[in-house]
2 protein chains.
Amino acid sequence: MSGVTIHEVATRAGVSASTVSRAFTNPQLVRADTRDRVLQLARDLGYTPNRAARGLITGRTGNIGVVVPDLANPFFSAVLKGANARAREADQIVFLADTDEDPGVEEDLVRAMAKQVDGIVLCSSRMSGHQLHELMPSIPLVLLNRREDDRPAVLFDNVAGVRRLLAHLGALGHRRVAYLGGPRTSWSDRERRRGMRLAARREAVDLVELGPFEPTYEGGLRAADPAAATGATAVVAFNDLMALGVLNRLAARGVAVPGEVSVAGFDGIPTAGMGALPLTTVALPMVQAGRAAIDLLLERLADPDPDAGRLQRVLDVDLLVRSTTATPLAPPPTPPPNPPTADVQGGRP
Amino acid sequence: MSGVTIHEVATRAGVSASTVSRAFTNPQLVRADTRDRVLQLARDLGYTPNRAARGLITGRTGNIGVVVPDLANPFFSAVLKGANARAREADQIVFLADTDEDPGVEEDLVRAMAKQVDGIVLCSSRMSGHQLHELMPSIPLVLLNRREDDRPAVLFDNVAGVRRLLAHLGALGHRRVAYLGGPRTSWSDRERRRGMRLAARREAVDLVELGPFEPTYEGGLRAADPAAATGATAVVAFNDLMALGVLNRLAARGVAVPGEVSVAGFDGIPTAGMGALPLTTVALPMVQAGRAAIDLLLERLADPDPDAGRLQRVLDVDLLVRSTTATPLAPPPTPPPNPPTADVQGGRP
DNA sequence: GTGAAAGCGCTAACAG
DNA sequence: CTGTTAGCGCTTTCAC
């Protein structure tokens, strides 16, 4: 908090505070030698302008806030990598906060941050549409991985992702695919379900929807048995963490993966050792998404009233076949023993 | 940045700004009904005090900075979880920054943050002692996982950790153990090497030190072959990420783990699926360390000139036997074919 | 090209 | 109990 003030620099340099200020913010307004002397002295003294005080008057702090539900989720670390890098290029610094998946905490944090940053990137916000709208007026907000009307947002093309995934599975001969859903409140989950239905129809595969499950490794462990019981030869999980759980549980049951069953996930999380797993996944460009979110925020700050909709970016996703997703070993077993409780869709149009 | 100001609240409530201010910071100084009216109105308007402006006068912002080299490292996400939780209890908010392992960036970030936070927790700082000392006067600093003279710090008891680990391995009959070292500049690595030497002597096992290696999954892949060539029946890696790489490479070579070789790591990173791996590890209490760092910082802020040394905490570490670390299959092969290039230590005193 | 003065949003005396 | 005054560190008119 404490530190060297502009006044000390000014006094020692034998100039006024205004001149020191100008040397930093408008160098061309200061005579070269004065400027150099001031800047050199500032460096020696370890002076850095107080961004908070500056913000008080300019309305710009040079800080950008990023809020995530859970820092331990590799998805968000990847997003943050991108956001950080882009922010640094723009000479902004990123302040990060973790809401612990709590919408109440999320709101408090945004409020507390609001005055200290120029704008906030909300990643996979858990807040209600109502809360979001209440917050909007107090601070420029960019959503990541969530759409809310036509607010600025960075989104992934989930529908295209599952289409590619199902095309891949279909080409290999899979005719019955289970989808293990994530949280009902998740925008991504809704999009992926929608995409799965479209793609299943198109590929003429039976789709079995299960869930919701917790979007975690444990959730995957729990989802594996119901998934196997559907008689599906391929399982698509809501995210990589769940897919990992499924793989593990199936392995424990002695099910051959890939072989009897193929498992696919979502995210493409960069975890050590993932490369060795028989896991095909829809890879989301998380780092790029982080960059894009900062881009959007900077644009919005430059032009506070842009055309609505101009500030939404939908990012392309890739299919990452980490190991051969196998052709089903045998024709899928005829009608599964325990018909799933979830609804069944698909079949030729 | 923008938002409702204290003045608007004051005007609408028919009181002065001071009263509003007091309602927030010293409620007992305001008559109950006035206070309630003001607070209610503030809530309705969505007013939150501007911490930056407040900090300008009080010298306290209510923000705490945490700086890490790499957010993608699960070690730091875990630390951050703890720090966040503790900070929230103290009604502080954590601003986080990622230095991308660059000491220059680290210094810049600390400087930029300094004026906007009350203190900073530097995790595994990559800065030189010189840089660190230059920064000290400008802002209260707490180090985590690094010792620098008697500056406030949270440290792990690495020496005790390796002692426990070697005792475990020794009891199982391992008589030759390889240590795969991390970065030379790492304080942890130096401590672990020191501890390994002490413990090896005490347990009467041969210690083979290798490295330095990159403290990553890839580093582990590269370290595996040299480690196997030493004829050691147990391998201790600098961290879990490396251990994972070793496991993978050994599996690819068809080496039985545990069996021919046992692998141990450091950290106890909470990655999905880790529990299923045959990996014994020294588990560092990372969440607790995050909490402790905030504690230290709060203490230091309350008492700016504490007894030197009172503000260092050394945290106990646990041995986490994730799966049975096996007894060596056979008496270790007599003199290894390729004597290691690194120095060999150990043997009975 | 540079300084003096005013004010950003807030809190801390000091009066009343 | 509450309002008035001053000023935190900085930038920005407006003079010179």
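To find a chain, count down the sequence lines: A is the first, B the second, and so on, and within it residues start at 1.
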Pairs meeting criterion salt bridge (Lys or Arg N to Asp or Glu O under 4.0 Å) with involvement of [range], two or more places apart:
range	answer
residues 10-33 of chain B	B:Arg31-B:Asp33
residues 61-80 of chain A	A:Asp70-B:Lys81
residues 34-58 of chain B	none

Winner on side-chain proximity to B:Ile57, out of D:dT11, D:dC10, D:dG7, is D:dG7

From the candidates C:dT11, C:dG9, D:dT12, the one with an atom nearest any side-chain atom of A:Ser21 is D:dT12

Rounded to the nearest angstrom, tell me the gap between atom [atom1] in [X] and atom [atom2] in [N].
X	N	atom1	atom2	value
A:Asn26	D:dC10	CG	P	17 Å
B:Asn50	D:dC8	CG	P	18 Å
A:Gln116	D:dC10	CD	P	16 Å
A:Leu56	C:dA6	CG	C1'	13 Å
A:Arg51	D:dT11	CZ	C1'	15 Å
A:Ile6	D:dT11	CD1	C1'	8 Å
B:Arg54	D:dC10	CZ	C1'	20 Å

Applying salt bridge (Lys or Arg N to Asp or Glu O under 4.0 Å) to A:Arg111 and not counting sequence neighbours gives A:Glu107

For B:Ser188, the side chain to side chain contact (heavy atoms under 4.5 Å, CB included) test, sequence neighbours excluded, returns B:Asn145, B:Asn158, B:Ser186, B:Arg192, B:Phe238

Sorted by chain and residue number, the side chain to side chain contact (heavy atoms under 4.5 Å, CB included) partners of B:Gln288 (sequence neighbours excluded) come out as B:Pro285, B:Leu315

Requested in this report: Look at B:Glu299 together with B:Arg313 and state whether they make a salt bridge at an N to O cut-off of under 4.0 Å.
Outcome: yes

Could you tell me how far C:dA6 sits from D:dT5 if I compare only their C1' atoms? Round to whole Å.
16 Å

Dump every N/O contact between nucleotides 1-4 of chain C and the protein below 3.5 Å, one line per pair.
residue: C:dT2; atom: OP1; partner: A:Thr34; partner atom: OG1; Å: 2.8
residue: C:dT2; atom: OP2; partner: A:Arg31; partner atom: N; Å: 2.9
residue: C:dG3; atom: OP2; partner: A:Ser16; partner atom: N; Å: 2.9
residue: C:dG3; atom: OP2; partner: A:Ser16; partner atom: OG; Å: 3.0
residue: C:dG3; atom: OP2; partner: A:Thr19; partner atom: OG1; Å: 2.5
residue: C:dG3; atom: N7; partner: A:Arg22; partner atom: NH2; Å: 2.8
residue: C:dG3; atom: O6; partner: A:Arg22; partner atom: NH1; Å: 3.3
residue: C:dA4; atom: N6; partner: A:Ser18; partner atom: OG; Å: 3.0

Residue set satisfying ring pair (Phe, Tyr, Trp, His ring centres under 6.0 Å) with B:Phe76, at least two apart, ordered chain then number -> none

Give one of base, sugar-phosphate or nothing for B:Phe24, where a contact means two heavy atoms less than 4.0 Å apart. nothing

So the stems of DNA chain D, runs of at least three Watson-Crick or G-U pairs (under 3.5 Å), are C:1-11 with D:6-16, C:13-16 with D:1-4

Stepwise salt bridge (Lys or Arg N to Asp or Glu O under 4.0 Å) test for A:Asp102 and A:Arg126: CA-CA 7 Å; A:Asp102 183 328; A:Arg126 295 340 192 200; over 6 Å; no

